[in-house]
Each structure stands twice: as C-alpha cells, then as structure tokens.
Novice: 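Please find one structure pasted underneath; my questions will follow.
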Number of protein chains: 2
Amino acid sequence: MEWLKEPEKHFPPHETLKHFNDGVCVTYIQEKTELSQSTISTYLTNMEKCGLLISTRHGKWSYLKRNEETIKQFTDFLT
Amino acid sequence: MEWLKEPEKHFPPHETLKHFNDGVCVTYIQEKTELSQSTISTYLTNMEKCGLLISTRHGKWSYLKRNEETIKQFTDFLT
DNA sequence: CAAACATATTGATAAATCTCGATATATGAA
DNA sequence: TTCATATATCGAGATTTATCAATATGTTTG
C-alpha cells in the first residue's frame with residue numbers, strides 16, 4: 001500500500017505502458033515483495049475484493065492501484 | 001478501546017472508587033467482553049506492554065485506561 | 001494469619017493465517 | 001493453432017493466534 005502511493009519511486013517503468021495511471025503490474029509487486037507468485041496473486045485479489053485496491057487489465061497484465069476512497073473510509077474508522 | 005473512550009457510558013460505577021479517572025477494572029471489562037478471565041487478563045497486559053493502555057493498581061483492582069498519546073502515534077502511522 | 005477475592009501466568013488445543021508448489025486459465029505473439 | 005508469458009486457483013504444511021481451564025500470585029478483610 002505504501003509503495004503504491006508513489007509507484008514511480010518504487011517500481012521500474014513498464015515495458016509497454018508508459019504511465020502508472022492504473023498502478024503497477026502483479027509481477028513487479030511480486031518481485032519486490034519476494035513472495036511467491038501465487039501468494040501475491042492471492043493477496044492482491046483479496047485486497048481488491050476488500051475494496052482496498054483497484055485492478056485493471058491491460059492485455060496480459062493486471063495493474064493494481066490504491067482505492068483511495070475505501071482506504072480513507074477504513075483509516076477514518078480506525079481513527 | 002472504544003468502550004474506554006467513555007467508561008461511564010459502558011460500565012457500572014465501581015463499588016469503592018467513585019470516578020473513572022484511571023479507567024475500568026479488569027473484571028468489568030471481562031464481563032462485558034464475555035471472554036474468560038485469563039484471556040482478558042492476557043490481552044490487557046499485552047495492550048499495556050504495547051503502550052496502548054495504562055494500568056493503575058488500587059488495592060486489589062487493576063484499572064485500565066487508554067493511553068491517548070501512543071494511540072495517536074499509532075493511528076497517525078496507520079493513516 | 002487464613003479466607004476470599006482480583007489478577008496474572010502456564011500449558012494446551014482448535015482455528016486461522018501465511019506461504020508455497022503444482023496446476024489451471026487467459027492473452028498476445030509467432 | 002501453438003507457444004510463451006502473466007495471472008489465478010487449489011491443496012497442503014508450518015506457523016501464529018485465540019482462547020480456555022487450571023493454577024499461582026497478590027491484596028484486603030475478618
């Protein structure tokens with residue numbers, strides 16, 4: 001969640017997409033976390049189901065970005 | 001944590017102490033949570049060690065109240 | 001001091017979570 | 001259509017967490 005605040009600072013640019021408008025692809029997140037592909041895929045899917053992340057497919061890649069609206073609701077609740 | 005924001009609204013007055021200055025005793029919290037005595041004792045002890053609660057002993061009772069300073073640090077971090 | 005009460009600690013078990021490898025599915029390229 | 005790549009799902013083991021009963025310790029009161 002922290003890395004996704006400023007993707008440019010934490011991930012390399014994607015080979016085809018020239019922007020981070022829809023976030024970062026699963027593979028890059030997987031590499032950076034050093035967890036297995038299946039683990040990260042499950043985590044990200046769950047986080048999307050929770051509403052914390054938004055997933056967008058571009059061709060074979062899934063891009064993940066923060067869902068700021070739900071995140072705010074949640075941190076407001078915690079506070 | 002929520003109950004301890006306004007103890008008067010969630011707990012009966014204590015038999016000896018006439019105020020909630022130091023919070024609420026373990027037994028009252030235990031009864032309200034409907035967890036076992038040992039479970040609640042462990043939880044409260046841990047929360048105190050984490051700095052989230054402040055424990056004060058008056059005779060045979062331990063009173064627990066929120067440690068607002070640390071709680072704020074924590075919610076700030078989460079936010 | 002002994003009994004009674006409040007809280008703490010210990011040891012144990014069931015359930016949940018973390019994590020993976022193997023396998024399945026989806027998608028673009030050859 | 002087949003291959004290579006990206007992601008998803010399944011089944012399972014190891015670890016952690018939640019929770020308790022039993023027991024120990026601390027404290028007041030008779």
Side-chain angles (χ1 to χ4, degrees), chain A residues 1-4 7-8 10-67 70-71 74-75 77-78, chain B residues 1-4 7-8 10-67 70-71 74-75 77-78:
Chain A
M1 299 296 278
E2 195 62 32
W3 295 335
L4 290 178
E8 330 74 41
H10 300 284
F11 299 97
H14 198 269
E15 42 183 303
T16 61
L17 242 56
K18 292 305 172 210
H19 57 78
F20 286 101
N21 296 354
D22 292 318
V24 181
C25 73
V26 176
T27 305
Y28 285 180
I29 298 176
Q30 189 247 309
E31 286 168 354
K32 200 167 167 71
T33 56
E34 297 189 66
L35 291 167
S36 77
Q37 185 270 321
S38 68
T39 299
I40 269 300
S41 173
T42 304
Y43 283 5
L44 296 175
T45 302
N46 288 343
M47 292 166 85
E48 200 220 340
K49 283 182 186 152
C50 289
L52 292 171
L53 293 178
I54 294 169
S55 174
T56 312
R57 190 132 200 168
H58 287 279
K60 31 181 192 174
W61 295 280
S62 275
Y63 291 77
L64 279 307
K65 69 175 171 186
R66 291 164 54 98
N67 186 342
T70 318
I71 292 169
F74 184 53
T75 54
F77 167 72
L78 289 175
Chain B
M1 299 295 278
E2 195 62 31
W3 295 336
L4 291 177
E8 332 74 39
H10 301 283
F11 299 97
H14 198 268
E15 43 183 302
T16 60
L17 241 55
K18 292 304 172 212
H19 57 78
F20 286 102
N21 296 354
D22 293 317
V24 181
C25 74
V26 176
T27 306
Y28 285 179
I29 298 175
Q30 189 245 309
E31 286 168 354
K32 199 168 167 71
T33 57
E34 299 188 68
L35 291 168
S36 76
Q37 185 270 321
S38 67
T39 299
I40 268 300
S41 174
T42 305
Y43 282 5
L44 296 175
T45 302
N46 288 344
M47 290 167 85
E48 200 220 341
K49 284 182 186 154
C50 289
L52 292 171
L53 293 177
I54 294 169
S55 175
T56 313
R57 203 157 189 152
H58 287 280
K60 33 180 189 172
W61 295 281
S62 274
Y63 291 78
L64 279 306
K65 68 175 171 187
R66 292 164 53 97
N67 186 344
T70 318
I71 291 170
F74 184 53
T75 53
F77 167 72
L78 289 175

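Just so it is clear, the values below take in all heavy atoms, side chains as well, and ignore hydrogens, waters and symmetry mates. Here is the naming used below: chain letters follow the sequence lines, and residue numbers restart at 1 for every chain.
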Novice: For nucleotides 14-30 of chain C, just jot down a letter per nucleotide in 5' to 3' order: B, S or -, based on protein non-hydrogen atoms under 4.0 Å.
Specialist: ----SBBBB----SS--

Novice: Rounded to whole Å, how long is the line connecting atom CG of B:Asn46 with atom P of C:dT7?
Specialist: 17 Å

Novice: Report the distance from atom CG of A:Asp22 to atom C1' of D:dA6, rounded to the nearest whole Å.
Specialist: 17 Å

Novice: Any non-hydrogen side-chain atom of B:Leu17 less than 4.5 Å from a side-chain atom of B:Tyr63?
Specialist: yes

Novice: Does the side chain of A:Lys65 reach to within under 4.5 Å of the side chain of A:Asn21, using non-hydrogen atoms?
Specialist: no

Novice: Using the ring of each side chain (for Trp, its six-membered ring), is B:Tyr28 parallel, tilted or perpendicular to B:His14, with breaks at 30° and 60°?
Specialist: tilted

Novice: Given atom CD of B:Gln30 and atom C1' of C:dC5, what is their separation to the nearest angstrom?
Specialist: 13 Å

Novice: Backbone N or O of B:Gln37 within a donor-acceptor pair of the B:Ser41 side chain at under 3.5 Å?
Specialist: no

Novice: Could you give the CG-to-C1' distance, from B:Leu64 to C:dA6, as a whole number of Å?
Specialist: 13 Å

Novice: Taking the side chain as every heavy atom from C-beta outward, state whether B:Thr33 and B:Tyr43 have any pair of such atoms under 4.5 Å apart.
Specialist: no

Novice: So, taking the atom named CD1 in B:Ile54 and the one named CD in B:Glu48, what distance separates them when rounded to the nearest 0.5 Å?
Specialist: 8.5 Å

Novice: Taking all non-hydrogen atoms of both residues into account, name the closest pair between B:Leu4 and B:Phe11 and its distance.
Specialist: CD2-CE1, 4.3 Å

Novice: Do B:Val24 and B:Leu64 come close enough that some side-chain heavy atom pair is under 4.5 Å?
Specialist: no

Novice: Using five base pairs at each end, measure the axis-to-axis angle across the helix from C:dC1-D:dG30 to C:dA30-D:dT1 and round it to 10 degrees.
Specialist: 20°

Novice: Select base, sugar-phosphate, or nothing to describe what B:Ser41 touches, counting heavy atoms under 4.0 Å on all strands.
Specialist: base

Novice: Want to settle it: does A:Lys49 or A:Trp61 sit nearer the 5' end of DNA chain D, counting the closest nucleotide to each?
Specialist: A:Trp61

